[in-house]
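Here is the structure we will look at.
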Amino acid sequence: MESKWSKIIIHASAFFAPFLVPIIFFLISSEDAVKRTAIQALLFQVVFGILIVIAIIFSIFLIGLPFLLVFVVVFWIAPVIGIVKALMDEDWNYPIVGRWV
């Protein structure tokens, strides 16, 4: 049961502390599933942050606008899907970085 709520907090942290909470849970948790979720969430935030910055730079030339839209939508929707999956006590991998860990 602790694992379920830890995963929910990690996924929800994308909206209030996207880097701090996953690092804290990675350091204090003894469960492998929680550590894996924390690493995935942290990598997801970093990778999509970089992709959004690159898309903003390219949107000057109007090339990056569609990418920016897609990246921002995924950046906000993916943690919500993770919260729902954690509430149902199912494993879920973040897009792009889920298979890295």
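FYI, side chains are in, hydrogens and waters are out, and symmetry mates aren't considered; it's all heavy atoms of this structure.
- In this structure, OG in Ser3 is found 4.5 Å from CD in Glu31, a value given to the nearest 0.5 Å.
- For the atom pair CG (Leu51) and CZ (Phe67), the distance works out to 10.5 Å, reported to the nearest 0.5 Å.
- In this structure, Phe48 has its ring center under 6.0 Å from that of Phe44.
- Residues meeting the side-chain contact (heavy atoms from CB on, under 4.5 Å) test with Val72, sequence neighbours left out: Ile52, Leu68, Trp76.
- For the pair Phe26/Leu42, no side-chain contact is recorded, criterion being any heavy-atom separation below 4.5 Å from C-beta on.
- Distance check: Lys35 NZ to Ile28 CD1 gives 10.0 Å after rounding to the nearest 0.5 Å.
- Val53 and Ile63 are not part of a single hydrophobic cluster, where members link through side-chain heavy atoms under 4.5 Å apart.
- The only option from Val84, Leu87, Thr37 that meets the side-chain contact (heavy atoms from CB on, under 4.5 Å) definition with Ile8 turns out to be Leu87.
- A continuous path of hydrophobic side-chain contacts links Ile83 to Leu43 [ILVMFWY only; heavy atoms under 4.5 Å].
- For the residue pair Phe75 and Gly49, the shortest heavy atom distance occurs at CE1-N, 4.4 Å.
- Atom CD of Gln40 is separated from atom NZ of Lys7 by 9.5 Å, given to the nearest 0.5 angstrom.
- Arg36 has its side chain within reach of Asn93: a pair of non-hydrogen atoms, C-beta onward, lies under 4.5 Å apart.
- In the hydrophobic cluster analysis, where Ile, Leu, Val, Met, Phe, Trp and Tyr join through side-chain heavy atoms closer than 4.5 angstrom, Ile56 is grouped together with Val46.
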List, one per line, each side-chain donor-acceptor pair under 3.5 Å for residues 10-22, sequence neighbours excluded.
{"unit_1": "His11", "atom_1": "ND1", "unit_2": "Tyr94", "atom_2": "OH", "d": "2.8"}
{"unit_1": "Ser13", "atom_1": "OG", "unit_2": "Ile10", "atom_2": "O", "d": "2.6"}

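- With hydrophobic clusters built from ILVMFWY side chains whose heavy atoms lie under 4.5 angstrom apart, Val34 does not share a cluster with Trp5.
- For the side-chain contact (heavy atoms from CB on, under 4.5 Å) test, residues two or more places apart in sequence or in another chain that qualify with Leu69 are Val73.
- By the rule that hydrophobic residues join a cluster once side-chain heavy atoms approach within less than 4.5 Å of another member, Ile9 and Ile81 end up as members of separate clusters.
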